[in-house]
Asker: 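Just dropping this structure here.
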Amino acid sequence: MLRFSFSPPKFSERGTSLPRHAALAYAFLSMLPPAAQAAEHSSSPPADTSKPRHPAPASSPNKPVAQTRATNREEISVSTQRRSDAQVAQSHLRSIPGAATVIDAQQILKGRNLTNADTLAFQPGVFAQASGGGDGLRISVRGSGIQTGVNYFRSGMLMMFDGLPVTTPAGTPYELFESLGLQYTEVLRGANAFDYGGMQLGGAINYVTQTGYNSQKYQARAEAGSFGYVKEQLSSGQVLGKFDYYISLTNSYRGGYQHNTEATSFGVNANFGYKFNDRVSTRLFFRYRQTRNGWAGFLTRDQILKNPKQAQQPYQEWGSNRIQPGTKYYADMTTIKIDNKSKIELGFNYQDAPIDIQYGRFSQVWGYKTVAGVLNYDRHDVLGGHKSDTRFGILTYTDLEAWQTNRVRVQSGNFAGYPIGTSLRHVTYGGTENYFHIRNNTELFHNFWLTTAGALAFIQKSSDVPSPGPSNPFKTSSINFIPRAGFRYQPDKHVEIYGNVSRSLQPPNDWNYNYAGSYYPSTSLQAGMNATAGKLRNQTATTFEIGTTGHYAGNQWALTYYHSSVHNELLAVMTPESQAQGTSIYGNASPTEHQGVEFSLDSTLYKWKGNRLSLRNAYTWQDFHYKHDPVFGHNRLPGIPEHFYQGGINLDLANGFYAGFDAQVSSKVGAAYDMTYFAPSYHLFNAHLGYSWPHKHRTVFLNFNNLANTHYASIVVPGYIAGGSQLSVMQPGDGFGVFGGISLGFN
């Protein structure tokens, strides 16, 4: 760090004169690159995967410029170390009066990167578990998407690449979410995703990709380990004048821990940027990914405890799998800086997501083509002596083409005698979601900010079953207002307090309407399939949240409590018609409540000569329950653990060696809405070690997962009524495994 002390220039009638030492200081500052002059002023932070939103202590780059004023002297601290993009993103999130974190990819890359469950680990409030080692995560934030199973479009949250929505009127296709090739990931829980247009109960996750400005010119990475796992990546990125590029190719294979869970994938992630001048820039994005994941179905509790490697019959015999033959994503984001106080972001994307599901006796072939757009206008003002920041935004996404076709796959039961491939049913879907949002942050007095916001949502959804007929088109639309208000207050340099009251809105996915409809007669070839669409209402909630972040004596913490009063929650319900079919359907539940505590604590236990011993904790308490349901009373909602903890102790040495030991602890999980059947609680223990060459982009690592080879259910997609019996609604987590990797980067 460089420090300069100088006297302010003195003005006289004959002009301005500068003391010699001040002139030298200004001359030196003028030679620094603009990024260094603009950087926050302190040394590098301790190694940490998730950055707290509160300004960190002196060892953090997030500490504001320290200025000490004397009678006629001023002290300025300047660091020539540039902040990372993840640190810049974290400073932006500080304006949010609620829970939001940034996950730095550089920390995630120090270990295995199998799926996004590895990326989202140690995030309080986020429950993310992989299904059979594949991409179809079971992900829930603050109780979002409880009834959405694995290998479905994600529900209950907005998911983005680089601020552009991947979420569609059908939900979020998951196959594009390759965990390699990222700079950082933003996790904005609940209504704290408002600035992006994320109005859903779970909030938003924004994955930000690498560019030519922050990647190695050439990079190669390989991972391998238990269960036949192999993953490779080749990437390249650089800046060429006003142009930059980044491209990453990934390929993976996994034989599977459980029978019939073989998984393969191949993907391309590329972007190309161009700076027209200091005020206008644009970036084009392209993603392509194809995957194939075996399907083992679900097991009972006792099956998992006895032999978690078995598959549910007859899926292994049928060779059941899910194929994404090639999902394509094209996008552009253009940024225009109007002046030093305002800018515009204008973006769009197009997705083509074909799906071929070969699970049961009939296949499900889906086709989805969608377009989306964003427009954001940001402005920074001083009004009446008070700082004021305003954002106006538009988020929109629309189906261009959405359909599902069912064909005979297994010639048994009522399909006996029908040729494989015989068309059984064709369903069409449609939808558009449009959000117009505005937010203002005003500093009412020193370090106290008031946030006021509001959004208008226009929603349309449709569904029809034209074949085998008769066609009975269904359409619905709604206009909704979503208000929000909050505050942030920093009483001293160590602590920040925040709170907000917000509404949320979650429309049903367009395919939900058909799954809520009536059934074909039991005597027909389409028996058990839905013949029409059913009526569903938008899920809404009012949430209040209060929390604190801060740092003191080598500890950095974040603590949040939230309470949501939810109406028309999208869960499993049973109607007389579905009961006659022996099943439940998607439907709107009676009023429910969601509340929880999200807590993280990162502590430096001991620090010496550039070495650090630290302890990391992430704990989530979740209480989701009916208020007064006529069938289930005040039962808790199933599918998500009430208590979930991840903690680890880590050693980082100045010579590049690192090692750690961590634990994951889950309470029992309800496996049916009547809460008579549970997945047992579990404790997992893992270890890792590695070496990163100082000042070089080279890393080797080893991971040892599930050291005790514990048999446990990582995923529960709840049944309706168990009545004390064991339902096949659980999927096992992996047993003991060893994984290693190497990453080499060259400039």
Asker: Distance check, rounded to the nearest 0.5 Å: Arg503 atom CZ versus Ser565 atom OG?
Answerer: 8.5 Å
Asker: Assess whether side chain to side chain contact (heavy atoms under 4.5 Å, CB included) is satisfied between Ile205 and Leu120, documenting all intermediate values.
Answerer: CA-CA 10 Å; Ile205 299 178; Leu120 297 172; 4.1 Å; yes
Asker: Can you name the salt bridge (Lys or Arg N to Asp or Glu O under 4.0 Å) partners of Lys343, sequence neighbours left out?
Answerer: Glu345
Asker: Verify whether one side chain among Tyr435 and Glu433 offers a donor that lies under 3.5 Å from an acceptor in the other.
Answerer: yes
Asker: Taking atom CG of Asn650 and atom CG of Leu613, what is their separation to the nearest 0.5 Å?
Answerer: 8.5 Å
Asker: For residues Ser179 and Asn116, is any side-chain donor paired with an opposing acceptor at under 3.5 Å?
Answerer: no
Asker: Counting N and O atoms only, with roles assigned by atom type, does the side chain of Asp162 sit under 3.5 Å from a partner on the main chain of Leu164, one being a donor and the other an acceptor?
Answerer: no
Asker: With a 4.5 Å heavy-atom cut-off, do Ile640 and Ile146 have their side chains touching?
Answerer: yes
Asker: State whether the side chain of Thr211 and the backbone N or O of Tyr213 hold a donor-acceptor pair below 3.5 Å, judged by distance alone.
Answerer: yes
Asker: How about NZ on Lys387, more than 12 heavy atoms from neighbouring residues, nucleotides or ligands closer than 6.0 Å, or not?
Answerer: no
Asker: Would you please name every residue forming a salt bridge (Lys or Arg N to Asp or Glu O under 4.0 Å) with Arg379, sequence neighbours left out?
Answerer: Asp381
Asker: Within the distance-only criterion (no hydrogens, no angle test), does the side chain of Gln622 pair as donor or acceptor with the backbone N or O of Glu642 below 3.5 angstrom?
Answerer: no
Asker: Taking ring pair (Phe, Tyr, Trp, His ring centres under 6.0 Å) as the definition, give me every residue that meets it alongside Phe392, ordered by chain and number, with sequence neighbours left out.
Answerer: none
Asker: Got a sec, which residues hit side chain to side chain contact (heavy atoms under 4.5 Å, CB included) with Thr172, two or more places apart in sequence or on another chain?
Answerer: Arg154, Met159, Val166, Thr167, Phe177
Asker: Ignoring hydrogens and geometry, is there a side-chain-to-backbone donor-acceptor pair from Asn500 to Pro97 under 3.5 Å?
Answerer: yes
Asker: Please tell me whether Gln90 and Tyr184 have a donor and an acceptor in their side chains that are separated by less than 3.5 angstrom.
Answerer: no
Asker: Between the side chains of Tyr498 and Thr560, does any donor sit under 3.5 Å from an acceptor?
Answerer: yes
Asker: Sequence neighbours left out, what pairs pass salt bridge (charged side-chain N to carboxylate O under 4.0 Å, His left out) with at least one residue falling in residues 542-557?
Answerer: Arg142-Glu545
Asker: Report the residues that fulfil ring pair (Phe, Tyr, Trp, His ring centres under 6.0 Å) with His563, sequence neighbours left out, ordered by chain and then residue number.
Answerer: Phe544
Asker: For Phe348, enumerate each residue passing the side chain to side chain contact (heavy atoms under 4.5 Å, CB included) test, keeping only those at least two apart in sequence or located in another chain.
Answerer: Asp332
Asker: Check the pair His594 / Thr543 against side chain to side chain contact (heavy atoms under 4.5 Å, CB included), numbers first and verdict last.
Answerer: CA-CA 9 Å; His594 291 211; Thr543 300; over 6 Å; no
Asker: Under the rule for salt bridge (Lys or Arg N to Asp or Glu O under 4.0 Å), what residues qualify as partners of Asp378, not counting sequence neighbours?
Answerer: Arg391
Asker: Not counting sequence neighbours, which residues clear side chain to side chain contact (heavy atoms under 4.5 Å, CB included) with Tyr626? List them please.
Answerer: Leu571, Ala589, Ser590, Thr592, Asp629, Phe632, Asn635, Leu637, Tyr673
Asker: Under 3.5 Å, side chain of Asp118 to main-chain N/O of Ala121, donor-acceptor pair present?
Answerer: no
Asker: Determine whether the side chains of Asp602 and Ser600 contain a donor N or O and an acceptor N or O closer than 3.5 Å.
Answerer: no
Asker: Restricting to salt bridge (Lys or Arg N to Asp or Glu O under 4.0 Å), what partner residues turn up for Arg439, sequence neighbours left out?
Answerer: Asp195
Asker: At what distance, to the nearest 0.5 angstrom, does CG of Leu615 lie from CG of Leu601?
Answerer: 7.0 Å
Asker: Establish, from distance only, whether the side-chain atoms of Glu593 and His625 form a donor-acceptor pair under 3.5 Å.
Answerer: yes
Asker: Just wondering, more than 12 heavy atoms not from Asp339 lying within 6.0 Å of its CG?
Answerer: yes
Asker: Closer than 3.5 angstrom, by distance alone: can the side chain of Asn440 be matched with the main-chain N or O of Asp389 as a donor-acceptor pair?
Answerer: yes
Asker: Quick one: CG on Asn441 to CZ on Arg94, what's the gap to the nearest 0.5 Å?
Answerer: 14.0 Å
Asker: Just by distance, do the side chain of Asn192 and the backbone of Gly190 share a donor-acceptor pair under 3.5 Å?
Answerer: no
Asker: Going by the rule side chain to side chain contact (heavy atoms under 4.5 Å, CB included), which residues pair with His386 if we only count those two or more places apart in sequence or in a different chain?
Answerer: Thr442
Asker: Between Asn588 (side chain only) and Asn568 (backbone N and O only), is there a donor and an acceptor less than 3.5 Å apart?
Answerer: yes
Asker: Return yes if some donor-acceptor pair links the side-chain N/O of Gln539 with the main-chain N/O of Leu570 below 3.5 Å, else return no.
Answerer: yes
Asker: Can you find a side-chain donor-acceptor pair between Asn447 and Gln490 that sits under 3.5 Å?
Answerer: no
Asker: List the steps and the verdict of side chain to side chain contact (heavy atoms under 4.5 Å, CB included) for Phe161 and Phe285.
Answerer: CA-CA 9 Å; Phe161 288 134; Phe285 301 90; over 6 Å; no
Asker: Is atom CG of Asp278 surrounded by more than 12 heavy atoms (other residues, nucleotides or ligands) closer than 6.0 Å?
Answerer: no
Asker: What residues, two or more places apart in sequence or in another chain, satisfy side chain to side chain donor-acceptor pair (under 3.5 Å) together with Asp244?
Answerer: Arg283
